[in-house]
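Have a look at the structure below before the remarks.
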Amino acid sequence: LVLGDALTESMPVAQRELMLRALAMAHVRTTAPLLCPLPVGVAPARVQEALSLLTSLSVPPSSVLIGHAQHLLSDHMDLEPLRILLRQGVCLVFDGLGNTWSHVNAGPQDDEWSSPPSDKAVARAVVALVTDGFAVQLLLSHCVSSQLQLLEMGGGGFCHISRSFLPRLRHHGLTPEHEQQLTPRN
């Protein structure tokens with residue numbers, strides 16, 4: 001089950017709550033995990049509000065996957081919003097690895113262009129969170145959704161994680177045991 005636009009600033013609060021309630025009901029009936037892809041510029045408080053509502057409706061935090069988790073990384077690399085979510089039991093999905101292009105009018109923090117965090121910034125955050133003991137709650141993904149992301153078109157392609165991102169994680173101190181946890185086991 002995908003939350004989709006449930007956390008965008010443009011959605012009216014009543015509509016957002018209705019969508020979250022409907023998804024919680026569907027989860028309770030099916031036990032399917034909830035994937036919540038975050039929009040660029042989402043406030044950590046908005047994510048926390050949604051999680052609080054979902055858990056109040058009997059959705060266990062371990063059934064919630066926060067996609068595009070790198071959007072919660074601030075410019076000064078404050079990992080506390082991520083740690084708070086992880087302590088509650090959610091899984092964080094760092095996807096779109098290798099995608100470094102900008103998005104026009106993507107978020108409130110930038111009037112015209114907003115760039116996603118670099119692989120270097122994401123790698124440093126992932127290693128710090130692994131070191132904190134959250135490896136089993138972290139997922140890595142390419143999130144290839146455009147021809148421009150394919151290797152033959154100049155993008156990172158489907159081998160970007162193994163070819164480029166894992167070596168970057170190792171450079172920042174990821175152990176072989178944790179690498180196994182982040183890749184084949186998760």
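Here the structure is a predicted model, which means the values were calculated and not measured.
Of all the heavy atoms in Ala125 and Leu79, the pair that sits closest is CB-CD2, 3.6 Å. Pairing each heavy atom of Leu82 with each of Ala69, the nearest pair is CD2-O, 3.9 Å. Shortest non-hydrogen contact noted between Phe94 and Leu138 is CE1-CD2, 3.9 Å. Pairing each heavy atom of Pro61 with each of Thr55, the nearest pair is CG-CG2, 3.6 Å. Of all non-hydrogen atoms in Val122 and Pro117, the two that sit nearest each other are CG2-CB, 4.0 Å. Contact detail for Pro37 and Leu35: the closest heavy-atom pair is CD-O, 3.3 Å.
For Glu177, the side-chain contact (heavy atoms from CB on, under 4.5 Å) partners two or more places apart in sequence, or in a different chain, are Thr175. Arg170 meets the side-chain contact (heavy atoms from CB on, under 4.5 Å) test with Leu166, Pro167, Glu179; sequence neighbours excluded.
To the nearest 0.5 angstrom, Leu92 atom CG is 4.0 Å from Leu86 atom CG. From Cys36, atom SG reaches atom CG of Leu20 across 8.0 Å, with rounding to the nearest 0.5 Å. Atom-to-atom distance recorded for Leu38:CG and Gln70:CD is 8.5 Å, nearest 0.5 angstrom. To the nearest 0.5 Å, atom CD of residue Glu80 and atom CZ of residue Arg87 are 4.5 Å apart. Put simply, NE2 on His142 and CG on Leu97 are 7.5 Å apart, with the number rounded to the nearest 0.5 Å. Distance CZ/Arg16 to CZ/Arg46: 3.5 Å, rounded to 0.5 Å.
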* Asked: Checking side-chain contact (heavy atoms from CB on, under 4.5 Å) for the pair Asp95/His68: CA distance, chi angles, key distance, verdict?
  -> CA-CA 5 Å; Asp95 49 6; His68 309 314; 2.8 Å; yes

* From CA spacing to verdict: side-chain contact (heavy atoms from CB on, under 4.5 Å), Val130, Leu169 -> CA-CA 10 Å; Val130 165; Leu169 290 174; over 6 Å; no

* Output, in order, the C-alpha distance, side-chain angles, deciding distance and verdict of side-chain contact (heavy atoms from CB on, under 4.5 Å) for Leu51 and Ile66. => CA-CA 10 Å; Leu51 183 60; Ile66 306 287; over 6 Å; no

* Does the side-chain contact (heavy atoms from CB on, under 4.5 Å) test come out yes or no for Leu23 and His27, once each step is laid out? -> CA-CA 6 Å; Leu23 286 164; His27 167 78; over 6 Å; no

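The salt bridge (charged side-chain N to carboxylate O under 4.0 Å, His left out) analysis of residues 18-40, with sequence neighbours excluded, yields the pairs Glu17-Arg21.
Asp132 and Arg83 are joined by a salt bridge, as a carboxylate oxygen and a charged side-chain nitrogen come within less than 4.0 angstrom of each other.
Hydrophobic clustering (ILVMFWY, side-chain heavy atoms < 4.5 Å, transitive): Leu73 and Ile84 are in distinct clusters. Linking Ile, Leu, Val, Met, Phe, Trp and Tyr whenever their side-chain heavy atoms come within less than 4.5 Å puts Val64 and Leu57 in one cluster.
Here the side chains of Thr31 and Ser63 are not in contact, with every heavy-atom distance at 4.5 Å or above. Using a 4.5 Å heavy-atom threshold, the side chains of Leu72 and Leu85 count as touching. In this structure, Leu53 and Val59 have side chains that are not in contact, with every pair of non-hydrogen atoms separated by 4.5 Å or more.
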